[in-house]
> 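Handing you a structure now.
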There are 2 protein chains.
Amino acid sequence: MVHDPRAPAARRVVDEEARGAGSGASLDDVARLAGVSASTASRALNNHPQVAAATRERVLTAAAGLDYVVSPEASRLAGGTSRARVAVVVPHLSRWFFGRLLEGLEAGLHEGAGPGVDVLLFLVGDVAGRRAFFEQLPARRRVDAAVVVGFEVDEAERARLELLGVHIVSAGGPREPFPSVTVDDHRAARQAVDHLVHLGHRRIALLASEDPADRGPDLRSTGYRDALADAGPEPDDDLVVRVPFGGPGGAEGMGRLLGLRRPPTAVFATADEIAGGAVRTLRRAGLRVGADVSVVGIDDHPVAEVLDLTTVAQPVHEQGLVAGRMVRALLAGDAPGAVTSRILPTHLILRGTTGPPP
Amino acid sequence: MVHDPRAPAARRVVDEEARGAGSGASLDDVARLAGVSASTASRALNNHPQVAAATRERVLTAAAGLDYVVSPEASRLAGGTSRARVAVVVPHLSRWFFGRLLEGLEAGLHEGAGPGVDVLLFLVGDVAGRRAFFEQLPARRRVDAAVVVGFEVDEAERARLELLGVHIVSAGGPREPFPSVTVDDHRAARQAVDHLVHLGHRRIALLASEDPADRGPDLRSTGYRDALADAGPEPDDDLVVRVPFGGPGGAEGMGRLLGLRRPPTAVFATADEIAGGAVRTLRRAGLRVGADVSVVGIDDHPVAEVLDLTTVAQPVHEQGLVAGRMVRALLAGDAPGAVTSRILPTHLILRGTTGPPP
DNA sequence: AGTCTGACCGCAAGCGCTTCCACGCGGACC
DNA sequence: GGTCCGCGTGGAAGCGCTTGCGGTCAGACT
């Protein structure tokens, strides 16, 4: 921003430069070329029924010839209809889960007819970034809806958005009091651990992400705990290992477990990516995965297929899809209360990394 | 807000509904509450030096109390400073490469001080979607710059954007006549294949993605061909297999190679994800990867680490980062010619899936 | 003491568009 | 043959903000 009052011209020049050549054609130009008034030109361009076909044609031609594009600012400001804007807030993008979910979200947001929406991307890795998002959003940008992916929104944040009239939906995170779509992580973990129990395992380890932000209150860990509690084996804290998210973390955690006096016969990892690392360590140690030691993960990440990893699949793309539809419903005027949250089912996929204990 | 008793009220109501509760506070409200004129309020909010500290304080307090947020439309329309908008155009999101690159891009776009930018996400999977993007962009939305990730932009498309004053930069795709950042895929392929050649392999297969859109004109394949041509082994079409991108594709392609009368002793896959599938097939077939058959990929995808896969790493995050900086330079007024394209280096990472032929 | 200089502030003019209203006009009607 | 009607159009009023310009004071000068 230039404060010097003597420099209006300068600012304009900078502006032009910054914005590029920028077609300068305005609605008035189009109207003039078509020999009509701006009002008529506007009506013609907006497909108003009240303009004569011939006139409309003339206006459209003029607009095309001038490479005219409406100024979205002016249009929206003047009360014209304009595409909705939705913010997508994600903590990561390089993890498969988030990318995949976003693909579904995109599909859900654009499916059907309608005017379509613009998607604003906000990558808020850490808590600070998240807080900044919720504080800044109002300050300068403005969206009609926000979908948060994979993390919990606290009440204050939600209230702030609602105050601004921003719809909010959550996908792939914890259950929320507002429209959300997710899976039952607690149950998914139980499916995984129950499977190990049914195979006869008693010493089952937990390999969990140490990042508290991952999957909110760690339902997958409590699912593990509850499954064990029901099954009989008394908990052994040595068998619970927390590691950084990802393959290297899993590999290192598995190493620690192998160093135990009484190593586990099976391992439940809270994510396939962690499980993958564990598998690698086991193989390197010369152990046969699925025979000497069983490993099960969650997600059905592509790596699971490659590793022949038993896992509990969750419908990631679909969570995004459903969330996208929810946003559209909200944007169409449905009351938030009328948009029902959904919990999508998960299911065990049997592959080669699990088997009875040796 | 005064309500005209007649028709306008109806419009307003619809608006309110569509936009949600929407705080109604306008600049005038703030000004009134603070006991100043709108001009002064505006200046105070925009940190203009010409307002008395006490006044500014009063305005800020009023604004906070009213939960006031500027209307970006009005602000931008009136010539106020506003954050730039950049479109990010990607063909996929669930693939690691794109997500990872976008993380770098985000970082590059937001680094340093400056006003920051808004990122509009466009997911254009197929050619039709891409075409639609380049045609639609002008129609309704408006961005200041676009970065295309991982695909080629044809001259007509580029010209269209330039006409509209939209800067464009390319990342992770082919080299372009406009600012772009990428790696030398041809060279990367050579690094991989040369490695196999140096180990003594003569029958080296190519496992390539069949999607012609992947990596544009398939430089990795030609890199393979050229490396072989230089090394001596005469080309054998049986050893060239094209498969759908991904693990399953790689697995199936490897199966085909294994069925050959004279199977290869080494395989070069144009992506780690494909290589991963190949490794799986080999293991299932009871072959020792790295001893009986060597496999090398490209990318240094996380799966490579887990599979202990030899690969040629490319700096994905950094490509995004550099692209983001280029956009900022362009937005700051640098001429496109002054922003030099970059080709980032790749390097071989030796792991366990390659070794001398049996 | 009179003038001058700034610091602060209000006025008003738009930014480019949409929409309400009024208006002219030709045909359908009695 | 004069109304009435409705279609197609232009005029004008904003949407909410920014900013050049000019006015109003308080001190700081001479």
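Chain identifiers are assigned alphabetically (A, B, ...) following the order of the sequence lines, protein sequences preceding nucleic acid strands; residue numbering begins at 1 within each chain. All heavy atoms count here, side chains included; hydrogens, waters and symmetry mates do not.
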> Output the rounded distance in Å from CG (A/N46) to P (D/dT9).
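Nearest whole value for this atom pair: 15 Å.
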
> Check the distance between D/dG8's P and A/E57's CD and give it to me in whole angstrom.
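Nearest whole value for this atom pair: 15 Å.
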
> If you assign each of B/R43 and A/V36 to its closest nucleotide in DNA chain D, which residue comes earlier from the 5' end?
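Here A/V36 is the residue nearer the 5' end.
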
> Closer than 4.0 Å, any side-chain N/O of A/S75 to the OP1 or OP2 of C/dT18?
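Yes, because at least one side-chain N or O of A/S75 sits under 4.0 Å from OP1 or OP2 of C/dT18.
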
> Does A/R160 pair with A/D154 as a salt bridge, N-O distance under 4.0 Å?
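A/D154 and A/R160: not salt-bridged.
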
> Parallel, tilted or perpendicular for B/H92 and B/F98, by the 30°/60° rule?
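Geometry flag for B/F98 against B/H92: tilted rings.
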
> Without decimals, in angstroms, what is the distance between B/Q50 CD and C/dT5 C1'?
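After rounding, the gap between these two atoms is 14 Å.
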
> Answer yes or no: does a side-chain N or O of B/T40 lie under 4.0 Å from OP1 or OP2 of C/dC9?
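No, outside the criterion.
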
> Would you call A/D118 and A/R76 a salt bridge, taking side-chain N to carboxylate O under 4.0 Å as the test?
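Salt bridge absent between A/D118 and A/R76.
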
> In whole angstrom, give the distance that lies between atom CG of B/D29 and atom P of D/dC15.
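Rounding to the nearest Å, CG of B/D29 and P of D/dC15 are 12 Å apart.
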
> Side-chain N or O of B/S37 less than 4.0 angstrom from OP1 or OP2 on C/dG10?
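Indeed, a polar side-chain atom of B/S37 lies that close.
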
> How close or far is atom C1' of C/dG16 from atom CG of B/L77, stated in whole angstroms?
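Distance check: B/L77 CG to C/dG16 C1' gives 6 Å.
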
> Any ion pair linking B/E155 and B/R158 (charged N to carboxylate O, less than 4.0 Å)?
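Counted as a salt bridge, because a side-chain N and a carboxylate O are separated by less than 4.0 Å.
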
> Check whether any side-chain nitrogen or oxygen of B/S42 sits under 4.0 Å from OP1 or OP2 of D/dT18, and answer yes or no.
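Yes, B/S42 has a side-chain N/O under 4.0 Å of OP1/OP2 on D/dT18.
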
> When you match B/R58 and B/A74 each to their closest nucleotide on DNA chain C, which lands nearer the 5' end?
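Its nucleotide being nearer the 5' end, the pick is B/R58.
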
> I need the CZ-C1' distance between A/R76 and D/dC15, as an integer number of Å.
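So the CZ-C1' distance, A/R76 to D/dC15, works out to 13 Å.
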
> Atom CG of A/N47 and atom C1' of C/dT19: how far apart are they, to the nearest Å?
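It works out to 16 Å between those atoms.
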
> Rounded to the nearest Å, what distance is computed from the CG atom of residue B/L45 to the C1' atom of nucleotide D/dG16?
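From B/L45 CG to D/dG16 C1': 13 Å.
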
> Determine whether a donor-acceptor pair (N or O, by modelled atom type, separation under 3.5 Å) exists between the side chain of A/R342 and the backbone of A/Q319.
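No, because the side chain of A/R342 does not come within donor-acceptor range (under 3.5 Å) of the backbone of A/Q319.
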
> Of B/E73 and B/S39, whose nearest nucleotide on DNA chain D comes first from the 5' end?
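Of the two residues, B/E73 wins.
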
> Closest to the B/V51 side chain: C/dG16, D/dC17, C/dC9?
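Comparing C/dG16, D/dC17, C/dC9 against the side chain of B/V51, the answer is C/dC9.
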
